[in-house]
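Below is one structure, written out as structure tokens; the observations come after it.
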Protein chains: 2
Amino acid sequence: MDVSPGLRERKKERTRLRIHRAALRLVVEHGLDAVTVEEIAAGAEVSRRTFSNYFAGKEDACLYGDAAHMDDFLATLRARPAHESAWTALRATARTVHAARDLSPDREWVQTTRLALKHPALLGRRLAGRQGFLRETTALLGGRTLPAGMHRPGLLASVFLSALLHGLHEWTEEGTGPLDEVVEAALDEVGAAFTDPAPPP
Amino acid sequence: MDVSPGLRERKKERTRLRIHRAALRLVVEHGLDAVTVEEIAAGAEVSRRTFSNYFAGKEDACLYGDAAHMDDFLATLRARPAHESAWTALRATARTVHAARDLSPDREWVQTTRLALKHPALLGRRLAGRQGFLRETTALLGGRTLPAGMHRPGLLASVFLSALLHGLHEWTEEGTGPLDEVVEAALDEVGAAFTDPAPPP
DNA sequence: CGCAAATATGCCTTACAGGCAATTTTTCAG
DNA sequence: CTGAAAAATTGCCTGTAAGGCATATTTGCG
């Protein structure tokens, strides 16, 4: 018997994922407003009431994958060598997570993003969720060196995140080339101003 | 009789404001979840149904002031001289709007921010609303020169906005010194990296 | 096996968004 | 000034949602 995450926990997680997938599938197909919570519950083969035990609403159910994505990011960032500067660590983390994700069936991230850009309700939840992520990230930046002239780790995290999201959105809307490249380009464009040694004179 | 914005429109606007104020007052006092739409409507002396004619929910009612704030910003930005660089124009607009607002009874902006940081539902709506703002801002940046190495006006707008919000949040949470100064400091900290490519005179 | 804890489900109440139609208010032309 | 058109307010109503509470079911463990 697995005791690592607890056998019970694993079943819970599987259920959560089933609900999430059902939600995503139905909403992608019919639109957010044309799908009821009952339908999602049915699609996941749980009762309406059980749905509410797992998620506060269909929006949260749809965006669960995004939360996992952010957790990945935080775990990876936590593992970066302590001597790296703040920006370098963030940058490297993004690269690592993207590389790992783009191979796996993570077309989902794009799906979710497209949905979020289409449905304000989703976008809102998504962005609200990133606030907590921002806090965590800021905390993990403690002790790392900041770019010249920077004193606020939270500000750096904030700028980093907004660049990341800009890349994601730009690609989702215009679909030019591979996703990675657009995101990386956006990060580099901002990063040029934040490289560690000193910004170009 | 005023015909400037139309007499009818002005009454509508007054009603909208009354609802907004009632919502804000009640939510600040009792918390978002402890206030029903009916109570807000009663507080504004309109019917429950009329509330729905003006706002899609209590969150929107609370955040109406924020929308006005963003409109102010856009109007001011639109009026900046065309020869200014993108960052300079943004920076100047922020200064102007803050100066104009801080004298007026705009304690409300802070109230709203505090509320938003307390209630995820509010934060979400607020952030979703800023997405449209971002688009407009990006459009207004067209034709202006960007910092060296920058090609994406939308990226610049995004970074600018995130710095602005970071300042606002930092101040709201830690309350160190005057609001203006914290926001300006955050903007300057990022701006140092984005000063115009123009050679010094 | 058999009990205790965690989980799933059903029922129920409150709340909310928005369609529709009737009613009142505002505007404007004659 | 007056009456009709336009717009706004309101009430009624329906479908949907969130979550408390109690019960049944499943799971973990001695």
query: Hey, what do you get for CD (E184(B)) to CZ (R95(B)), rounding to the nearest 0.5 Å?
result: 5.5 Å

query: Taking only N and O in the side chain of S47(A), is any of them less than 4.0 Å away from OP1 or OP2 of dT9(C)?
result: yes

message: Among L117(B), L123(B), L115(B), which residue satisfies the side chain to side chain contact (heavy atoms under 4.5 Å, CB included) criterion with H119(B)?
response: L115(B)

message: Aromatic contact between Y54(B) and Y64(B), with the criterion being ring centroids under 6.0 Å apart: yes or no?
response: no

- prompt: Salt bridge or not for R16(A) and E13(A), using N-O below 4.0 Å?
  reply: yes

message: Would the distance check show the side chain of E39(A) and the main-chain N or O of T36(A) forming a donor-acceptor pair, the cut-off being under 3.5 Å?
response: yes

query: Picking from dT26(C), dT10(D), dA8(C), which would you name as closest to the side chain of V46(B)?
result: dT10(D)

query: So which nucleotide from dC12(D), dA8(C), dC21(D) ends up closest to the side chain of R49(A)?
result: dC21(D)

Aromatic ring pairing W109(B)/H98(B), orientation class (parallel under 30°, perpendicular over 60°, tilted between): tilted

Residue pair E108(A) / H69(A), side-chain donor-acceptor N/O under 3.5 Å: no

Would you tabulate the pairs of protein nitrogen or oxygen atoms and nucleotide nitrogen or oxygen atoms of nucleotides 14-18 of chain D closer than 3.5 angstrom?
| residue | atom | partner | partner atom | Å |
| --- | --- | --- | --- | --- |
| dA17(D) | OP1 | V37(A) | N | 3.2 |
| dA17(D) | OP1 | K58(A) | NZ | 3.3 |
| dA17(D) | OP2 | V37(A) | N | 3.2 |
| dA18(D) | OP1 | A56(A) | O | 2.9 |
| dA18(D) | O5' | A56(A) | O | 3.4 |
| dA18(D) | N7 | R48(A) | NH2 | 3.2 |

- line: Between CG of D60(B) and C1' of dA17(C) the distance, given in whole Å, is 12 Å

message: What residues from residues 13-21 of chain B pass a heavy-atom cutoff of under 4.0 Å to DNA chain C?
response: none

query: OP1, OP2 of dT9(D) versus side-chain N and O of Y54(B): anything below 4.0 Å?
result: yes

- prompt: Is R91(A) salt-bridged to D188(A), going by a charged N under 4.0 Å from an acidic O?
  reply: yes

task: For dT26(D), take OP1 and OP2 only and decide whether either is under 4.0 Å from a side-chain N or O of K11(A).
output: no

- request: For E9(A) and dG28(D), give me the distance from atom CD to atom C1', rounded to whole Å.
  value: 12 Å

